[in-house]
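Lettering follows sequence order; numbering is per chain, from 1. Since we're looking at a predicted model, the values are computed, not measured.
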2 protein chains.
Amino acid sequence: MVIDINLSTPLRVGRQEAPSIPQPSLARLPQYHHYLVDLAAKGITQTTCSVIGRDLGLIPVQVRKDLQHTGIIGRPKTGYSVAELIQAIETFLGWNNINEAFLVGAGNLGTALLGHERFSKFGLRIVAAFDRDPAKEGQWIHEKAVLPLEELADLAQRMSIHLGIITTPPEAAQAVADEMVKGGIQAIWNFAPVKLKVPEHIIVHNEDLYSTLATLSWKLARRFRVSLKEKEAV
Amino acid sequence: MVIDINLSTPLRVGRQEAPSIPQPSLARLPQYHHYLVDLAAKGITQTTCSVIGRDLGLIPVQVRKDLQHTGIIGRPKTGYSVAELIQAIETFLGWNNINEAFLVGAGNLGTALLGHERFSKFGLRIVAAFDRDPAKEGQWIHEKAVLPLEELADLAQRMSIHLGIITTPPEAAQAVADEMVKGGIQAIWNFAPVKLKVPEHIIVHNEDLYSTLATLSWKLARRFRVSLKEKEAV
DNA sequence: GTAGACTCGATCCATGGTTATCGATATAAA
DNA sequence: TTTATATCGATAACCATGGATCGAGTCTAC
């Protein structure tokens, strides 16, 4: 039996999402990136996994594995070139190509994201905002126009926008997601604490602040339970 | 050989942080909570893991396992009482007790969090904001006073604030964290994309928007690479 | 009252990410 | 030039989480 291992025809058998990099590694890459940019600003041109690990609270092996996914190759004893490493991460993450995005929900959080200039350095450009509230319609927030929600689908299609950001209250999120899908948007960054129902091929990522909050408050509560118990024991 | 399995003396040998619940389960609990509150609002009083799983995109076994951590007990065939379940989650997460918090960095994101009333339902009350910028000092944002950073440590101690939220630019975050530690704050919710150096016993949780952004842009970039390749193949 | 179907709870297995180990290699010092 | 050391890259063991299975119990329908 001959097995075809021709790499130009990827094995995509059945599953359409071959991750090829663990999600946690992917999530750590921006941290390396931040750190490396800092290093570069200090004029440091070479670094090693050991140093990175020490500064970021990770073990060297993990750093090495994560970075290997970007395709970078290091040299024994020397380590990596900082510049090359930054370049490799940016290319790998697609931060060189701009992703244009629509944002829906011009409330507190939406406004904050619209004003976050730093995103532009990481390949994200929010080009317009949408809101159901007629009072907000026609306003400009951080130099971005606020448009009525009805225009989203059409505009997204004509401008070939691929990314949608949802910062509405949870009740409205599903309807907004439907509009986005209608407009041909490929990926949704969802800040509303609901599970969105979308077609299979749409990429959805939830940024659930309440998840973090839950972890924090659970840990705090447990800490106080424990210290209370210790007090009782005394 | 007799092994003492007295549960009143937990095994905490060495490690001081016995999670006792997987982190992913913990992160899912708020989703169940949101969902259950919705159900309750619709007047539904009983539900099962199968139904929850169907609506939240999880398999029943996982739901059951997650919920078991809260101490709830269900009944065969019937499932769980929605009200009891909500109660169990809230108690487990410590959402019944209010956590008072200080927020530092009254920029776009900080302002948004200050105005997020919904947090109060989940045990979080931001009682004051701090900023290094003298222009902001003395202002009120969403009914919260903006105070100079120098007063943080003293005030935190006197008001026995346990939670700090950092929404400053990355350069300032470490200094702020130091102040918080000085003020006796126990846990830090860090929105700045830096690794904070704090004493061992401080709980830190990073809310790194760039991690999510990285995942999204990588997936988008990969999708377009793939579709490009398919086009070439044609 | 009894049979059947459904769900809980517990145990077991599989998958995947993290950590440890080992050989290879390049730099630096002798 | 040679030797020692630090680091990379790869392989292998380990552990946590996710998923599957099975017995037990309860409600419904007949």
Would you confirm whether the ring centroid of B:His33 sits within less than 6.0 angstrom of the ring centroid of B:Phe92? no
Residues, nucleotides or ligands: over 12 heavy atoms within 6.0 Å of B:Ile98 CD1: yes
Rounded to whole angstrom units, what separation is found between the CD atom of B:Gln46 and the P atom of C:dT7? 13 Å
Among D:dG18, D:dT21, C:dC8, the one nearest B:Tyr80 by side-chain distance: C:dC8
If you only use heavy atoms from C-beta on, which nucleotide in C:dC8, D:dG9, D:dG19 is closest to the side chain of B:Gln62? D:dG19
Phosphate OP1/OP2 of C:dT25 contacted by A:Arg75 side-chain N/O (<4.0 Å): no
Nearest to the side chain of A:Cys49, heavy atoms from C-beta on, is which of D:dC8, C:dA20, C:dT7? D:dC8
Between CD1 of A:Ile73 and C1' of C:dA24 the distance, given in whole Å, is 15 Å
Nearest of C:dC8, D:dA10, D:dT26 to any side-chain atom of A:Val61? D:dA10
Report yes if some heavy atom in the side chain of B:Gln46 is under 4.5 Å from a heavy atom in the side chain of B:Ser81; otherwise report no. yes
Taking only side-chain nitrogens and oxygens of B:Arg64, does any of them come within less than 4.0 Å of OP1 or OP2 of C:dC8? yes
Parallel, tilted or perpendicular, as decided by the 30° and 60° cut-offs, for the rings of B:His34 and B:Phe122: perpendicular
Spacing of B:Ile72 atom CD1 relative to C:dT7 atom P, expressed in whole Å: 17 Å
From CD1 of A:Ile52 across to C1' of D:dT7 the rounded distance in Å is 12 Å
Quick check for you: among C:dC8, D:dC27, C:dT21, whose closest atom lies nearest to any side-chain atom of B:Thr78? D:dC27
In whole Å, I'd like the distance from the CG atom of A:Leu67 to the P atom of D:dT7. 15 Å
Compare every heavy atom of A:Gly105 with every heavy atom of A:Thr167, then report the nearest pair and how far apart it is. OG1-O, 2.7 Å
Just the rounded figure in Å: distance from P of C:dT18 to CD of A:Gln68. 14 Å
If you count every heavy atom of other residues, nucleotides or ligands that lies below 6.0 Å from B:Arg225 atom CZ, does the total exceed 12? yes
side-chain N/O A:Arg28 vs C:dT18 OP1/OP2, d < 4.0 Å: yes
For nucleotides 1-6 of chain C, give me every protein contact, N/O to N/O, under 3.5 Å, one pair per line with atom names.
{"unit_1": "C:dC6", "atom_1": "O4'", "unit_2": "B:Lys77", "atom_2": "NZ", "d": "3.2"}

To the nearest angstrom, how far is B:Asp66 atom CG from D:dG19 atom P? 10 Å
Within a radius of less than 6.0 Å around NZ of A:Lys197, do more than 12 heavy atoms belonging to other residues, nucleotides or ligands occur? yes
Taking atom types as they are modelled, is there a donor-acceptor pair under 3.5 Å from the base of C:dT19 to the side chain of A:Lys65? yes
Could you state the CD-C1' distance from A:Glu84 to D:dC8, rounded to the nearest angstrom? 15 Å
